Amino acid sequence: MRLTLRIWRQHDTDAPGGMATYDVDGISPDMSFLEMLDTLNERLTVEGEDPVAFDHDCREGICGACSLVINGEAHGPERTTSCQLHMRSFRDGDTIDVEPWRAAAFPVVRDLVVDRAAFDRIIQSGGYVSVPTGSAPEAHATPVPKAAADSAFEHAECIGCGACVAACPNGSAMLFTSAKVNHLNVLPQGAPERETRVLDMVAQMDAEGFGGCTLTGECATACPKGIPLTSITAMNKEWLRATRKVPRS
């Protein structure tokens, strides 16, 4: 395959950026999208140019690091992560635009790499449960109803990639935050912080500068793990419940 790539290049957060055009040839349809970028970077390195910086880690669709907007879609045309997107999803001769996540809360570090530490701070504000010190409790010491376990597993699938933010017209992080809130709030182990968790995590999300949610649904469509839009509805109910029980300073 021969392709034309239009890739966002930006030296650092404060530098102006722009699209640069590269032609690549000899691309196998069985290559992943990141392997195709590796091929480009090998050529750029040999030619004495700076390779394109992009984020990645496991390359198995698990970690969520491979954050790319491909032809205007978060992670590209398939509902998967960028590392699991293969070049057979494109045609010989295609022009492909590759950009970083676009959100004020995700500043560009370099080229296609963005700083997603805002997600970490949301987790730190309430994404934990109280645990006693000492020996580990028995696995079955606290019964968990199957419906609660299924819901917790569904929300725990969120890998924090940020595709929901990149896809949202408002740059909202509601789907990510709701997944993290609901994952713990449905479990009995999460009950001690149930009210403060949702209040603190939503407050931190707002403080990070993410946009407001208008339930357009683009976040759920782009999510590679299929976190449902109803997750946001469930978190909103938790938030309303908490505001009635916990005094806000």
Side-chain angles (χ1 to χ4, degrees), residues 61-82 84-85 89 99-106 114 116 118-123 125-127 144-187 190 193-195 197-244:
I62 297 172
C63 69
C66 52
S67 48
L68 299 175
V69 174
I70 302 168
N71 284 344
E73 298 181 85
H75 288 308
E78 307 290 339
R79 191 172 184 177
T80 186
T81 53
S82 299
Q84 294 299 296
L85 178 68
S89 297
E99 303 169 84
W101 286 167
R102 293 297 188 198
F106 290 160
V114 299
R116 287 173 293 177
F119 272 8
D120 296 332
R121 291 188 287 271
I122 292 174
I123 293 293
S125 68
V144 180
K146 186 176 188 306
D150 289 345
S151 178
F153 274 120
E154 178 182 43
H155 290 100
E157 285 193 77
C158 171
I159 56 177
C161 66
C164 52
V165 177
C168 177
N170 306 323
S172 172
M174 282 287 279
L175 193 68
F176 165 80
T177 306
S178 66
K180 301 307 179 183
V181 167
N182 294 326
H183 165 211
L184 297 177
N185 274 22
V186 300
L187 295 173
E193 294 89 12
R194 182 173 179 178
E195 286 81 23
R197 175 180 297 112
V198 65
L199 293 177
D200 291 344
M201 292 181 75
V202 169
Q204 186 63 42
M205 176 189 70
D206 291 340
E208 294 294 341
F210 291 103
C213 175
T214 51
L215 290 175
T216 61
E218 294 297 325
C219 55
T221 300
C223 176
K225 297 302 178 180
I227 305 299
L229 197 62
T230 52
S231 177
I232 296 176
T233 306
M235 186 182 74
N236 286 340
K237 291 179 180 178
E238 288 286 322
W239 188 88
L240 289 171
R241 177 178 180 271
T243 55
R244 296 189 180 103

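Please read these numbers as outputs of a predicted model, since none were measured by experiment. Computation of the quantities below employed the complete heavy-atom set of this structure, encompassing side-chain atoms and omitting hydrogens, waters and symmetry-equivalent molecules.
- N170 places no side-chain N or O within 3.5 Å of a backbone atom of C213 that could act as its donor or acceptor partner.
- Checked by atom type and distance alone, the side chain of R121 never pairs as donor or acceptor with a backbone atom of A207 at under 3.5 Å.
- Atoms SG and CD1, from C66 and I159 in turn, are 7.0 Å apart once rounded to the nearest 0.5 Å.
- Two residues are said to be in side-chain contact when any heavy atoms from C-beta on lie closer than 4.5 Å; L85 and P77 meet this criterion.
- A distance-only check finds a donor-acceptor pair linking the side chain of W101 to the backbone of C161 [under 3.5 Å].
- The residues D120 and R116 are annotated as not salt-bridged, no charged nitrogen and carboxylate oxygen being separated by less than 4.0 angstrom.
- A side chain to side chain contact (heavy atoms under 4.5 Å, CB included) with V198 holds for exactly one of K180, E193, E238; it is E238.
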**Message:** Pair C168, M174 - check side-chain contact (heavy atoms from CB on, under 4.5 Å), show working.
**Reply:** CA-CA 10 Å; C168 177; M174 282 287 279; over 6 Å; no

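- With values rounded to the nearest 0.5 angstrom, M201 atom CE is found 7.5 Å from L184 atom CG.
- Listed here is the closest heavy atom pair of S231 and A179: OG-N, 3.6 Å.
- Between I227 and C164 there is no side-chain heavy-atom pair separated by less than 4.5 Å.
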**Message:** Applying side-chain contact (heavy atoms from CB on, under 4.5 Å) to R194 and R241, what does each step give before you reach the verdict?
**Reply:** CA-CA 10 Å; R194 182 173 179 178; R241 177 178 180 271; 3.2 Å; yes

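- A118 and A105 make their closest contact through CB-O, 3.9 Å (heavy atoms, listed as atom of the first residue, atom of the second, distance).
- Counting all heavy atoms, side chain and backbone alike, T216 lies closest to P169 at OG1-CD, 3.7 Å.
- Rounding to the nearest 0.5 Å places NZ of K225 at 13.5 Å from CD of E154.
- Between the side chain of S178 and the backbone N or O of M235, no donor-acceptor pair lies under 3.5 Å.
- Remark: the backbone N or O of C223 is paired with a side-chain donor or acceptor of R79 at under 3.5 angstrom.
- Contact check for L175 versus I232: side-chain heavy atoms found under the 4.5 Å cut-off.
- In this structure, E218 CD and E73 CD are separated by 9.5 Å, a value rounded to the nearest 0.5 Å.
- A donor-acceptor pair is defined here as one N or O able to donate and one able to accept, closer than 3.5 Å; no such pair exists between the side chain of S151 and the backbone of A148.
- F106 and F119 have perpendicular rings, their planes meeting at more than 60° on a 0 to 90° scale where under 30° would count as parallel.
- When side chains are defined from C-beta on, I70 counts as touching S82, because their heavy atoms get closer than 4.5 Å.
- Residues I123 and F176 are in side-chain contact: their nearest non-hydrogen atoms beyond the backbone lie under 4.5 Å apart.
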**Chi angles and distances behind the side-chain contact (heavy atoms from CB on, under 4.5 Å) call for D150, K146** = CA-CA 6 Å; D150 289 345; K146 186 176 188 306; 2.7 Å; yes

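- Between L240 and N236, the closest side-chain pair of non-hydrogen atoms is not below 4.5 Å.
- The side-chain heavy atoms of W239 and V181, taken from C-beta on, include no pair separated by under 4.5 Å.
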**Asked** Does the side-chain contact (heavy atoms from CB on, under 4.5 Å) test come out yes or no for F210 and V165, once each step is laid out?
**Response** CA-CA 8 Å; F210 291 103; V165 177; 3.9 Å; yes

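- Interatomic distance, N71 CG to E99 CD, rounded to the nearest 0.5 Å: 9.0 Å.
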